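Here is the structure we will look at, set down as C-alpha cells.
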Amino acid sequence: MKKIFYYICAGMMLLFIVSCGGKGKDSSKKNSVAASSVSGNTSSDDVSSGKLSSANYSAVDSASDDEGDKNWFMAQTEKAPVKSVTASSELVEAKFAGKFLYPPINILDGDFKNTWCESVDGDGIGEAVTIEFEEPVSFDEIQIVNGFATDESWEINNRIKTLQITQVAGNHYQRKEYELLDGIRDWQSIKFEFPQTAQTIELKIMDVYKGTQYEDTCLDDFRLLFRGNEIPFTGVENLKKIQEENSRAMLNSDFETKFTGLFKKIANVDDPFVYLVIDGGNERGCVMKADTEDGKFNLVDFDFCEFLPSDIDEETKKEKQLDIFADWMSKSNYTRIAVVEDGPGFSEYSVGNCKIYEKSRLSYVNTTVAKLVSVDGNIVTINGVKYSVVPSDETFVARIPM
C-alpha cells in the first residue's frame, strides 16, 4: 500500500513539474514560424483539394523580435476582407497604351493569367507588395504561385527565389525569408507550426531566378489557409476595377501637377492645405497638409475627418470634444470645422504614380500602404470614392485625442 501511495505521489509530482514547465515557457512563442513544406509539382486535383506534395523547404534566418512575439493573438479565420493592395512599383506597358497592366491586386484574383510585375531598373530586388486587411486574420499556411505562370511568359521573366514575408497585427510582427522552388507554375506552400496573425502582409523580393529575356520579376498569386481550408478574400473585384483604372491613369504624366495644384495657403498659415468632402455630401471628408519649404512639395499629413458647422451648440461641442476650441472659433470667420481624431501613430507620406503612399513604422518594421488617387478639376477620387474640394480659408481643423 505504501508503494502504491509512493508511486501516486511521484506521478503527481512529475505532472506538476511538467505543468509548471509549460506555464513558465513564454506563450508568445506560439507564433514562431516553422513552415512545413514548399510544394513540388502538383496536379489540378491536389491544388483544388488543398493537398500539396512535400518537397525540401529552406528558411533564411532573419530578425524576429521577442517584443513582437509577446503581442501575438488569435484572430478570426472565416474571411480576409481586403482593404488595400500596394506595390512599391508596378509595370504598365505604355507602348501598348495601357493594354497590358500588372497591378498588385492581380495576386489575389486566383487567375494565373494575371500577375503583378515590378517596374524598376534591374531585377527588382527590394520591391514589395503589401496586403492590408480590414481586420486581423489568422492562418497556418501561405500558398504562392511564383513568376508569370503562363506558357509564353514563364521563362522569359524573372521568378522570385528568396521572398521576405513580414506580418503585422497591432503590436505583433513577424519577419522571415523563404526560398521558393523554381520550375513550378502552380501553388507552392509555406506551412507554419503555429497559427499566424496579420492585418498587413508584406511580400518583398530578396533574390530572383533570372528570366531568359527580361529583368521584370513577377508574382502571380497568393492565398491564405487555415487547417487546410482556403480563407476567402473579399472586396477583390471592386479593388481590381479601381486599380486597373488607376494603372491606366499612370500613363497620364500630369497627375502630380494636378494634385499639388489643389493645395492652397490660407491667412496666417505657412503650410498649404486641401479639404475634400464626399461628393454630394457635407459631413464626411478628408484633410491633407503639405510642406513646400525650399520650393519642394512634400505631403506631411492625411486624415479622414468629419465636417461640422462652426455654429454648433455647446452640447454637441462637448460631445465632439470641441469645447476647448469654442472661444477661439467664436472669434473666427470659419464656417465649418474639420474634426480629426489625432491617433498615437506617426506616418510618412509620398505622392507618385497616381497614389498616396503611407509608411508607418512599428519597432524595426516598416509597412507601406497606398491610396489610389485621380484628379479631374475639383473632383478627387480616392480608392474609388469621389470627393469635392471645399474652400480652405473657410475651414478650421480641430484635432481631438482618440
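As the structure is a prediction and not an experimental result, all values here were calculated from the model.
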Could you check whether any side-chain N or O of T197 sits under 3.5 Å from a backbone N or O of F73, counting only pairs where one atom can act as donor and the other as acceptor? yes

As an exercise, state the distance from CD1 of I205 to CD1 of I125, rounded to the nearest 0.5 Å. 6.5 Å

Sorted by chain and number, sequence neighbours left out, salt bridge (Lys or Arg N to Asp or Glu O under 4.0 Å) with D111 holds for none

Is the count of non-hydrogen atoms from other residues, nucleotides or ligands lying under 6.0 Å from Q213 atom CD greater than 12? yes

Under 3.5 Å, sequence neighbours excluded: what are the donor-acceptor pairs made by side chains of residues 375-388?
| from | atom 1 | to | atom 2 | distance (Å) |
| --- | --- | --- | --- | --- |
| N383 | OD1 | L372 | N | 2.8 |
| S388 | OG | D279 | OD1 | 2.7 |

Return the set of residues passing ring pair (Phe, Tyr, Trp, His ring centres under 6.0 Å) with Y349 (not counting sequence neighbours), or none when no residue passes. none

Side chain of T260, backbone of T257: donor and acceptor closer than 3.5 Å? yes

Can you confirm whether or not the ring centre of F148 sits under 6.0 Å from the ring centre of F112? no

Qualifying salt bridge (charged side-chain N to carboxylate O under 4.0 Å, His left out) pairs with a residue from residues 122-134, counting only residues at least two apart or across chains: K83-E132, D123-K210

The criterion is side chain to side chain contact (heavy atoms under 4.5 Å, CB included); which residues satisfy it with T166, sequence neighbours excluded? Q164, V168, R175, E202, V365

Counting N and O atoms only, with roles assigned by atom type, does the side chain of S138 sit under 3.5 Å from a partner on the main chain of A75, one being a donor and the other an acceptor? yes

Residue pair Q167 / Q174, side-chain donor-acceptor N/O under 3.5 Å: no

May I have all residue pairs that pass ring pair (Phe, Tyr, Trp, His ring centres under 6.0 Å) and include part of residues 299-321, sequence neighbours excluded? F302-F304

For D109, all residues meeting salt bridge (Lys or Arg N to Asp or Glu O under 4.0 Å), sequence neighbours excluded: K240

For residues Q243 and E245, is any side-chain donor paired with an opposing acceptor at under 3.5 Å? no

So which pairs with a foot in residues 296-306 pass salt bridge (charged side-chain N to carboxylate O under 4.0 Å, His left out), sequence neighbours left out? D301-R399, D303-R399, E306-K320

Heavy atoms only: give me the nearest P391-Y275 pair and the separation to one decimal. O-CD1, 4.3 Å

With sequence neighbours excluded, tell me which residues meet side chain to side chain contact (heavy atoms under 4.5 Å, CB included) with I144. I142, L163, L180, I190, L219, F222

Taking salt bridge (charged side-chain N to carboxylate O under 4.0 Å, His left out) as the cut-off, I'd like each qualifying pair that reaches into residues 348-360, sequence neighbours left out, listed once. E90-K355, E358-K371

Pairing residues for T77 by the side-chain hydrogen bond (donor to acceptor under 3.5 Å, both in side chains) criterion, not counting sequence neighbours: none

Across all chains, not counting sequence neighbours, the side-chain hydrogen bond (donor to acceptor under 3.5 Å, both in side chains) partners of D182 are R159

Tell me whether N158 contacts the main-chain N or O of G211 through its side chain, where contact means a donor paired with an acceptor under 3.5 Å. yes

Test item: E118 side-chain N/O and S89 main-chain N/O as donor-acceptor pair under 3.5 Å: no

Is a side-chain donor or acceptor of D221 paired with a backbone partner of G110 at a separation under 3.5 angstrom? yes

Distance in Å, I337 CD1 paired with E394 CD, rounded so as to fall on 0.5 Å steps: 13.5 Å

Interatomic distance, CH2@W187 vs CG@L225, rounded to 0.5 Å, equals 8.5 Å

Whether the side chain of D140 engages the backbone of P195 through a donor-acceptor N/O pair (distance < 3.5 Å, no angle test) should be reported. no

Do any N or O atoms from the side chain of N246 and from the backbone of I242 form a donor-acceptor pair under 3.5 angstrom? no

Would you check if there is a donor-acceptor pair between the side chains of S360 and S347 at a distance under 3.5 Å? yes

How long is the span from the CG atom in D220 to the CG atom in D186, to the nearest 0.5 Å? 10.0 Å

